[in-house]
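Here the structure is laid out as structure tokens; the discussion comes afterwards.
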Amino acid sequence: MLDRSILREDPEKVRWALDVKGVDVDFDETLAIDEEWRELKAKGDELRHERNEVSSEIGELKQTGKEEEAQEAIERSGELKTELQEIEERADELEERFERALLELPQIPHESVPVGEDEADNEERYREGFDDLRDLPEEVVPHYDIGEELDLLDFERGAKVTGGGYQFVKGDGARLEHALIQFMLSVHREQGYTDVFPPIPVNSASMRGTGQLPKFAEDAYRVGARQDDEYDDDDLWLLPTAEVPVTNMYRDEILLDEDLPLKHQAYSPNFRREAGEHGTETRGYVRVHQFNKVELVNFVRPEESYDRLEGLLSEAEEVLKRLELPYRVLDMCTGDMGFTQAKKYDIEVWAPGDDMAEGPEEGGRWLEVSSVSNFEDFQARRAGIQFRPEHHKSAQYLHTLNGSGVAVPRVMVAILEYYQNDDGSITVPEALRPYMDGQELIEGHRPVGESALGAGEGE
RNA sequence: GCCGGGAUGGCCGAACGGUAAAGCGCACGCCUGGAAAGCGUGUUCCCGUAUGGGAUUCUGGGUUCAAAUCCCAGUCCCGGCGCCA
């Protein structure tokens, strides 16, 4: 949420943000609402002042036994009440509209962000890990095929048990995923993160605090209600990212200066409806309705947030470096950045299995595994998270940042493809072996059930 | 799930229909060679350049000229009973 004073003092800046982020709202109307509200508010305050005076007069008159005069004053008070009601009703309505409009204004991008329309305008900052690539098989088999061949991924049964977009990860695949999670958590623990195991359902107030609501209701799963039912603050949703519970952990609180910077990491499943995403990327373990992620959340002093953004980026990168997976880092442009962010980097890992037009020269494709963002005080203001710079001073909004400690499934994809061997087995990255009882190779399993027979995979 | 009690500033805590005490903490000022103590002022949000005004006792409704206070609904906390990995 933007500070309302910025709308009054520098509306052009807001207009610019709307333009470069490609957000379409009637900003002039919002300004007009604010103006009219202030007028009514002043008038209402005046009437209320009068009424307060009359009211305390009544108190005095009653106590000194002047019943008649008191009666007169009571009548006068009644008149004021009617008048007030009219004005305040109108003012309340305007304020509500203003608040709602305020929630739909996006964060203003930082001056260092490249201006652009869509992903084509993102700027690549650098690549890592391409100098010393592994020897790959002639044809790298895409993860969804090799995952099924080795019986590590099972999309059909996931669809049977739950629905399309859900999957079973099995055997060594499941072990690999567990290992990845534990590995990430310990890397970040070394970097000074405190572990948090968050609740999975979160209420609407939390979803609003981090910016998922009201604009993105259709992307999240409702709990105990129909998707399109109206919702209030206490209604529940399945978390789309652990950012929601972890950031909102301190909602409506004031932290102490010595608490900062505060670094939390949270492993959780994430639930996304991916509404309207059909046709693009529905295959495999890349865009699914439920996936695991280790999320990094930082609470910092405002003047430190941009340094911390760089720190957060390298903390997230560390995971890929230690896994020796090639990747690149993008500076996201204004149009591709998202509603809540002031600046954002994406980390994309190289998955060599599927050649795609947008991929690197080596073939394969890029997979976004992490977004590292600075929200400045946008979320803090929505969620009411403040800190006290010095014990005496008044509280001010802190800055929040977050980054995926990389999304687990897409790293699984990269491992299944990049660590693939000629004989169709998968080498376990060295960094993960301690988390898999020293296992070095994944050779797959014999599938269970007669449906596998026809595919030539059975006995 | 049922029954009972509760929610007031950064913290503690009074007022229990007449318009939100006191204390602690913290800051500023006075005092001091300096500090402590002491004294004074301040310490939520909104409108206003400002004098100033308004709002605010968990949230939302209601009763009343007037609600922290009474009534209804909800949320959370505490205690008891029940159920339960």
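Computation of the quantities below employed the complete heavy-atom set of this structure, encompassing side-chain atoms and omitting hydrogens, waters and symmetry-equivalent molecules. Residue numbers start from 1 in every chain, and the chains themselves are labelled A, B, ... in the order their sequence lines are given, proteins ahead of strands.
Nucleotide B/A85 is matched to nothing when pairs are restricted to Watson-Crick or G-U wobble geometry with both distances under 3.5 angstrom. Nucleotide B/C45 forms a pair with B/G54, judged by Watson-Crick or G-U wobble geometry with both contacts under 3.5 Å. Across all strands shown, B/A67 forms no Watson-Crick or G-U wobble pair with both key distances under 3.5 Å. Base pairing of B/C30 is made with B/G38, judged by Watson-Crick or G-U wobble geometry with both donor-acceptor distances under 3.5 Å. Using Watson-Crick or G-U wobble geometry with both donor-acceptor distances under 3.5 Å, B/A14 finds no partner in any strand shown. Under the Watson-Crick and G-U wobble criteria, each requiring two contacts below 3.5 Å, nucleotide B/C2 is paired to B/G80. Pairing of B/U59, defined by two Watson-Crick or G-U wobble distances under 3.5 Å, is identified with B/A73.
Here the separation of B/G17 from B/U69, taken at their P atoms, is 11 Å to the nearest Å. Of the C1' atoms belonging to B/A68 and B/U59, the separation is 15 Å, rounded to the nearest Å. Taking atom P on both nucleotides, B/G10 is separated from B/U19 by 24 Å, rounded to a whole Å. For B/G62 and B/U44, the P atoms lie 30 Å apart once the distance is rounded to whole Å. B/U8 and B/A14: their C1' atoms are spaced 10 Å apart (whole Å). Taking atom C1' in both B/G82 and B/C16, one finds a spacing of 35 Å when rounded to whole Å. Taking atom P on both nucleotides, B/C45 is separated from B/C11 by 14 Å, rounded to a whole Å. A gap of 28 Å separates the C1' atoms of B/G80 and B/C70, to the nearest Å.
Checking the phosphate oxygens (OP1, OP2) of B/G53, no side-chain nitrogen or oxygen of A/His49 falls inside 4.0 Å. Distances shown here put every side-chain N or O of A/Arg48 at or beyond 4.0 Å from the OP1 or OP2 atom of B/A66. The phosphate of B/G48 has OP1 or OP2 within less than 4.0 Å of a side-chain N or O from A/Arg38. Side-chain nitrogen and oxygen atoms of A/Arg4 include none within less than 4.0 Å of the OP1 or OP2 phosphate oxygen of B/C46. In terms of phosphate contacts, A/Lys41 brings no side-chain nitrogen or oxygen within less than 4.0 Å of OP1 or OP2 of B/A55. OP1 or OP2 of B/A55 has at least one side-chain nitrogen or oxygen of A/Asn52 nearer than 4.0 Å.
In this entry the distance linking CG of A/Asp235 with P of B/G60 reads 17 Å, nearest Å. As a whole-Å value, the separation of A/Gln85 CD from B/A66 P is 10 Å. Rounding to whole angstrom units, CD of residue A/Glu95 and C1' of B/A55 are separated by 10 Å. Rounded to an integer number of Å, the gap from CG of A/Asp259 to P of B/G10 is 16 Å. Atom pair A/Asp257:CG and B/G25:P shows a separation of 21 Å (rounding to whole Å applied). Between the CG atom of A/Asp234 and the P atom of B/U59 there is a distance of 14 Å, rounded to whole Å. Note: CZ (A/Arg251) to C1' (B/U59) measures 13 Å, nearest angstrom. Between the CD atom of A/Glu79 and the P atom of B/A66 there is a distance of 14 Å, given to the nearest Å.
Scanning atom types as modelled, one donor and one acceptor separated by under 3.5 angstrom connect the side chain of A/Asp45 and the base of B/G53.
Among the heavy atoms of the strands, none lies under 4.0 Å from A/Arg76. As judged by a 4.0 angstrom heavy-atom cut-off over every strand, A/Ser77 is placed among residues touching the sugar-phosphate backbone only. Residue contacts for A/Asp233: at a heavy-atom cut-off of 4.0 Å it reaches no nucleic acid atom on any strand shown.
Under the 4.0 Å criterion applied to side-chain N and carboxylate O atoms, A/Asp34 and A/Arg38 are assigned as salt-bridge partners. Taking a cutoff of 4.0 Å between a charged side-chain nitrogen and a carboxylate oxygen, A/Arg76 and A/Glu57 do not qualify as a salt bridge. Taking a cutoff of 4.0 Å between a charged side-chain nitrogen and a carboxylate oxygen, A/Lys293 and A/Glu295 qualify as a salt bridge.
Ring pair A/Tyr306/A/His110: centre-to-centre distance below 6.0 Å. Taking the six-membered ring for Trp, A/Trp237 and A/Tyr231 have ring centres closer than 6.0 Å.
In this structure, A/Lys81 and A/Gln386 both approach RNA chain B, and ranking their closest nucleotides by distance from the 5' end singles out A/Gln386.
No side-chain donor-acceptor contact under 3.5 Å links A/Asp92 to the backbone of A/Glu89.
By the 30° and 60° cut-offs, the orientation of the rings of A/Tyr166 relative to A/Tyr221 is tilted.
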Item checked: Worked verdict on A/Leu84 versus A/Arg51 for side-chain contact (heavy atoms from CB on, under 4.5 Å) -> CA-CA 9 Å; A/Leu84 235 185; A/Arg51 183 152 167 277; 4.1 Å; yes
